[in-house]
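Chain identifiers are assigned alphabetically (A, B, ...) following the order of the sequence lines, protein sequences preceding nucleic acid strands; residue numbering begins at 1 within each chain.
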Amino acid sequence: MAAAPMLELREVRKSFGPIEILHGIDFALHPGEVHALIGENGAGKSTIMKILGGFLPPTSGQVLLEGRPVPYASGAQAEAVGVVVIHQEFNLAADLKVSENVWLGRELGRVFLDHRAMRAGTQALLDQLDSTISPDARIRDLPVSDRQMVEIAKALSRKARVLIMDEPSAVLTHKEVEVLFRQIDRLRAQGVAILYTSHRLEEVTRLADRLTVLRDGAVVRRALRGELTEDGMATAMVGRDLQDIYPARRHPMGEIALDVRGFSVPPLVQDISFTLRRGEVLGISGLVGSGRTELAEGLVGLRPAAGQVFRNGASVHIRSVREAAAHGMAYLTEDRKEHGLLLDKTLRENLTLSTLPRFGSPFISAAREETALTEAIRDFDIRAPRRDMAVGNLSGGNQQKLLLAKTMLSSPEVVIIDEPTRGIDVGTKSQIYAFIDALAAEGRSVIVISSDMPEILGLSDRVLVMRQGRVAGELDGERICEKAVVRLVMGTAEEPAYV
Amino acid sequence: MSDAAVQKPARTAQLPGLSALGPLLALILLVVLGAFLNDNFLSQGNITNVLARSAFIGMIAVGMTFVITSGGLDLSVGSMAAFVAGVMILAMNALLPAMGVGVPLILAGMAVALVVGLLAGLANGLLVTQARIEPFIVTLGTMGIFRSLITWLADGGTISLDFAVRQLYRPVYYSGLFGIAWPILVFAVVAIAGQIAMRHTRFGRYCEAIGSNDKVARYSAVGVDGVRLMTYVLLGLLVGLATIMYVPRLGSASGSTGTLWELEAIAAVIIGGTALKGGYGRVWGTVVGVLILSLIDNILILADLVSPYLNGTIQGVIIVLAVVLQRGKSSA
Ligand SMILES: Nc1ncnc2c1ncn2[C@@H]1O[C@H](COP(=O)(O)OP(=O)(O)OP(=O)(O)O)[C@@H](O)[C@H]1O
Ligand SMILES: [Mg+2]
């Protein structure tokens, strides 16, 4: 792999205001290679990618394309010379259709738009991705995983020489991830230089020809394929040895805290029944689109639903998040950008938004809010350069930690967590797992919705598998194993291919 | 980890940035300019006059700040003020034979104004939150409705308050406490209460959250529709209050009462630094905005430099400048 670098950073530093985030980075992407960049939340991965892709200028240092200073100063110009970025936070126009997004900025047709050609082109791209998304769907109406597939389709359509992907798999299920990997393999074979980040280290092992580990804005380790085990990567990232990341659990369980009977959330979710005990962690697995999020949103009153719900034996009808909170139930959304956080507000305002009545009435006590924030930053290890910054400027993983802190502030008795560790580094993951375990140990009930198979297996006392809006099966104790879950997820007798 | 910054306790009191102080600087500049151009400008008479006239728009603009901050808009307030004034006067005239000229009659009139304002705001708010119609459309509609209702009530002319009642009511506009006119006092109370409500109560925080992203607010157990409804009701009440202070000034209402008040109120809110798309509100900025607008008016009349007919031009330039400055802030 002696080919000259395609895109290169030399001695790059980056500061936001007075705070330096990147401290002299040397980094190169080679044609026909997948280079993985890994590091903890806030280490500076996304910032490096934005600098490479022309979205941010470096404070000092050089960015070189084929040995010469890059000829671009914006993302659009970079795309024109074949440097394409798939961002961690989506960059789609929510009100436009899928095909309009794919062709945005490069529409076909001279005077009038050639809708038919653009639609056909989009359809071809989506077919290539084994995706059933309609080119005419509005982005706003799509779940996050579909949006990610649209991002990928859009990037593929750009004829990239350099493809930079910031946690593309974070919102995908393993079936979609497999499709993505096939595309990456194909592009690699075509000589595209690829930069990939993920907090799922098994993906890095599977994909990366070359690996760079980042810690606190500096490169701490470089390696070639096969030189580092997953444990080795985790240790290099975190700077210390990591124990088994899943808690050794099994708590005594109490009486039934939540009893759901014949619950439907039109149009998808039909006739769901399950129970949840105090001190229990119930994992919900299933493909994206199987209705897991709809079920959760129905339970906390975010969607109109029918059926019976009993809390501690008493029948309840929950029609809003507020009523859910009054019944000790909370939901942590999978879509932190659209539904979870106010990106232009500070950490403090976000943290206390759903529990504001506790912070004084009629006047909010800023001092008490600050105390709560200090505790949240400590308990959830939130790394923010400044406390009074806008949440949108936090790294993705730290946004997720803040969202978790916000949900937990109401100390719910039943908490439904949708994709708890999306975009979270291994070190923090183990903290969050320990946290979920501690919740159960206190006698609270937790529902974990996750597309991450090891997470479902490692956390759950019981697993509920959903398929096409219905319960496909339930597993507990010894019967919880990957094969059984995958079989139920896919609805097949045999075991499908899975990374 | 090198996260020392995180551990430091925050300085809670954030200093407003330079762009936040922009409108305040503009206001000071205007005062200096006015004093320079005309000796009479700083006289107590003139100041009182400017402030008292600002008070009506000011109270309405404070309410408008909450509506806009939560992502709404109300175009109907000018017509609403005229309608409330008309109904209030008609009610007092109708009650006159039964109650006689006296303080109870005035109080009854005030109650009518507040109730009508509240109901009008409630109508706007319900249409926005329950019928789920865009605020722009709803209030464009009610603007036309209130305007035509007052014209119809006045039969195309003017509704006048009974002369004896007017004499009794006049001091509410023309006199005051400790030498400060009543409208100014009431405006000051409304502004201070508004500022506190925006910064230090749940209501204000929820308004900002809803304007910033109403889905996040809904997912965060905020009663989004209730808060939105409250902003319109509050604005309606403040329109009622402004009318209470306005009616004693002329003692009449007609189809042209309160024309363009809505635009002045919205302009004041925007000049003051509240984001038109919602999510961030600054009540003290609105007050500054109102004062800027009425000072321009006043200076043009006093100074005789340019024709007062150009007032609108200058106000327009200021509004556009204010928005440009806001833009500069958000991209910095
Ligand atoms: N516009 C900005 N203003 C201030 N600080 C910023 C800005 N953008 C990023 N940062 C800070 O820079 C640091 C690095 O962020 P970056 O997004 O690169 O992390 P990351 O490695 O991608 O993390 P994650 O795994 O959580 O996505 C973080 O501390 C973040 O808060
Ligand atoms: Mg990132």
Subject >> Portion of B:Tyr206 that has a non-hydrogen atom of chain A nearer than 4.5 angstrom >> reply: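 Answer is side chain: those atoms of B:Tyr206 sit under 4.5 Å from chain A.
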Against chain B, label [X] side chain, backbone, both or neither, depending on which of its atoms sit under 4.5 Å from a heavy atom there.
X	answer
A:Ser320	neither
A:Leu373	neither
A:Glu297	side chain

Subject >> Separation of A:Leu353 CG from B:Glu208 CD (nearest 0.5 Å) >> reply: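 Going from CD on B:Glu208 over to CG on A:Leu353, the span is 11.0 Å.
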Subject >> Reported CZ-to-OG1 distance for the pair B:Arg205 and A:Thr352, which is rounded to 0.5 angstrom >> reply: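 These two atoms lie 5.0 Å from each other.
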**OP:** Please report the closest heavy-atom contact between B:Ala221 and A:Ser354, naming both atoms and the distance.
**Re:**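 In this case the closest contact between B:Ala221 and A:Ser354 is CB-O, 4.3 Å.
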**OP:** Kindly indicate, with the supporting measurements, whether the criterion side chain to side chain contact (heavy atoms under 4.5 Å, CB included) is fulfilled by B:Arg218 and A:Leu302.
**Re:** CA-CA 8 Å; B:Arg218 198 162 75 94; A:Leu302 281 162; 3.9 Å; yes
**OP:** Look at the rings of A:His339 and B:Tyr219 and say which category their plane angle falls in: under 30° parallel, 30 to 60° tilted, over 60° perpendicular.
**Re:** parallel
Original post:
Which of residues 191-201 of chain B get closer than 4.5 angstrom to chain A, counting heavy atoms alone?
Top reply: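 Residues of residues 191-201 of chain B touching chain A at under 4.5 Å: B:Ile196, B:His200, B:Thr201.
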**OP:** Would you check, one step at a time, whether the test side chain to side chain contact (heavy atoms under 4.5 Å, CB included) holds for B:Ser212 with A:Glu349?
**Re:** CA-CA 12 Å; B:Ser212 171; A:Glu349 287 161 296; over 6 Å; no
**OP:** For each of A:Pro362, A:Pro357, A:Gly340, tally heavy-atom pairs with chain B at distances under 4.5 Å, and name the one with the top tally.
**Re:** A:Pro357
**OP:** Output yes when a side-chain donor or acceptor of B:Asn213 lies under 3.5 Å from a complementary backbone atom of A:Leu341, and no otherwise.
**Re:** no
